[in-house]
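Note that the numbering runs from 1 along the sequence shown for the chain. Counting starts at 1 for both ligands and their atoms, following the listed order.
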Amino acid sequence: MRHGSWLAGLVWLVLLLSQPGLAGDYQRYWPQIQSLFPQAQELGPASGDPPSAPVLGRNGVLGYVVLSNDVLKIPAYSGKPINALIGIDIHGVVRGIRIVEHEEPILLVGVTEEDLARYTGQYAGKHVSDSIRVGGTPAPGRPVIDAISGATITVMVINRVVNESIHRIAEARGLLRAGVEAPPAATRPLWQAHWQARQSDIVMLGTGLVVLLLILLFQDLLARHPTLLSRLRTGFLLYTVFFIGFHGMAQLSVVNVLTFVQALLHDFQWSSFLIDPMMFLLWSFVAVVVLLWGRGVYCGWLCPFGALQELLFRLGERLHMPHWELPQVIHERLWAIKYILLLALVGLSLQSLGQAEHLAEVEPFKTVFALHLAREWPYIAYVVALLGVGLVVRKAFCRYLCPLGAALTFPGRFRIFDWLRRRRECGRPCQICARECEVQAIRPTGEIIDNECHYCLDCQVNYWNPRVCPPLVEKERKRRLRERLGHAAKD
Ligand code: SF4
Ligand code: SF4
């Protein structure tokens, strides 16, 4: 009998502890609750569906607190939900919200706590009957708040969970304005709203990707028209830097690769990847082109930081800045750094994605494109140093440090097409392409090192150029000789 009651007690305790939103959960956040309700004396037990806990003052209930994870969980940019503690007073006025749990990379390392506090501070004073929107024109019952620049997805997710939470609690606790019903819960997945909101960007990106596809398909033809190819390439690099990078903030990152692997290992949901249409389309395109042509197409054409380095290097050339080529043997040893960084990142991400994201700051992408250099000075100094080195050593970051470039070499190993043409004479003895290759991806023996090639097509221009490529020069010389001999014989 005694054993039976112990067991029953234990089962009850386990059930109690496994219930979401019990007072114990809320108690953990007592300092945050006090900051929302300065007159709070204690917390009552959480109850209701969804659960919320009454905040008690000297004269009774001051309001309620709810954890958004107890209402709904929407995967945000990191693939994990953002948990917000929301305080609502007895008149249905939001006292404020505090983000108590998240794994958003942009919030971990990019956006400051002050930015986040400024954003969440905008919810204070709104009524639970309101439908709060991010951006747009305010209307009665539809107040508008400002987004955090560079953290659109995170902000959209926070807004959706806050709206849903306050409306559900308002209904459960009877806090709605008299005669007003809670706005209906949004039925459309959040990602669909993003796709609709960014239609023009999607069209621009789609057009760019089609142009690139055409360049790849007609690469042999274009390589025979060097001026056209060079203009197309420069135009495309500018598009990549300014449209994909600065405007679309769609610089792919090794963090995306780590998040994807984590999602595959845990709970994979398409909705968390669909949430940013530009990133989704780019990654889909890159997955296909890397399998068809190798990683070079991404690194040589679609990476905003790679394109920025290339354009700056060309500017340096025009300004007659010196440029250095490292000896082949040192150059090949330095490649290892990016693979070591990648391995360290993958290993660290298995333990903590958050820590891996800190190490992923080796990529300067976020500082440049997501935050437009609005960051602490060490990050800016790092970017300046990388771009400075890149002025004299072409694409130095890409060649030696970039963990994303390293990651893309793995799927690139299964590439289907081998369209970069070589001649028997390449490397033996001709060294023209090996000397001119923008990333030293051609061995002195003439082979292209696929893992390092950035698919710039310069070697293909040489391949087809009868005034540059020695076997063609020789062929042309012989043809002219034959022509002359033919004319002489006729005369
Ligand atoms: S190596 Fe990295 S930075 Fe360079 S082009 Fe490739 S992905 Fe971009
Ligand atoms: S020159 Fe040829 S081998 Fe070198 S990066 Fe360009 S396409 Fe690749």
Check ligand 1 against C402 and write out every atom of the ligand that is under 4.0 Å from a heavy-atom position of the residue. 1 (S), 2 (Fe), 3 (S), 7 (S)

Hey, are E101 and N69 close enough side-chain-wise for a donor-acceptor pair under 3.5 Å? no

Does a donor on one side chain and an acceptor on the other come within less than 3.5 Å for R375 and T367? yes

With a 3.5 Å cut-off and no angle check, do the side chains of R314 and T234 form a donor-acceptor pair? yes

Are R423 and Y463 in a cation-pi setup, meaning NZ or CZ lies under 6.0 angstrom from the ring centre and within 45 degrees of the ring axis? yes

Check against ring-ring contact (aromatic ring centres under 6.0 Å, His included), Y382 and Y379: CA-CA 5 Å; Y382 177 58; Y379 293 101; 8.4 Å; no

R233 charged N/C atom sitting above W301 aromatic ring, 6.0 Å / 45°: yes

Atoms of ligand 1 less than 4.0 Å from C303 heavy atoms? 3 (S), 5 (S), 7 (S), 8 (Fe)

Please confirm whether R399 approaches ligand 1 to less than 4.0 Å, judged on its heavy atoms. no

Verify whether the ring centers belonging to F369 and F365 lie closer than 6.0 Å. no

Please state which protein non-hydrogen atom is closest to atom 7 (S) of ligand 1 and give its distance, to 0.1 Å? Y298 CE2, 3.5 Å

Sub-4.0 Å atoms of ligand 1 with respect to non-hydrogen atoms of F397: 3 (S)

Evaluate Y298 against H454 for ring-ring contact (aromatic ring centres under 6.0 Å, His included), listing each step before the verdict. CA-CA 8 Å; Y298 176 70; H454 281 199; 9.6 Å; no

Is atom 8 (Fe) of ligand 1 under 2.8 Å from any N, O or S atom of C299? no

Determine whether the aromatic ring centres of Y123 and Y119 lie less than 6.0 Å apart. yes

Quick note on ligand 1: atoms under 4.0 Å from a heavy atom of R295 include exactly 1 (S)

Between F242 and H247, does the ring centre distance come in under 6.0 Å? no

Near F365 (heavy-atom distance under 4.0 Å), the atoms of ligand 1 are 3 (S)

Under 2.8 Å from atom 4 (Fe) of ligand 2 - protein N/O/S, by chain and number: C437 SG

For a distance under 2.8 Å, tell me if C398 has an N/O/S atom near atom 6 (Fe) of ligand 1. no

For G306, take its heavy atoms, then give the atoms of ligand 1 lying under 4.0 Å from any of them. 5 (S)

Side-chain donor-acceptor contact under 3.5 Å, Q328 with E332: yes

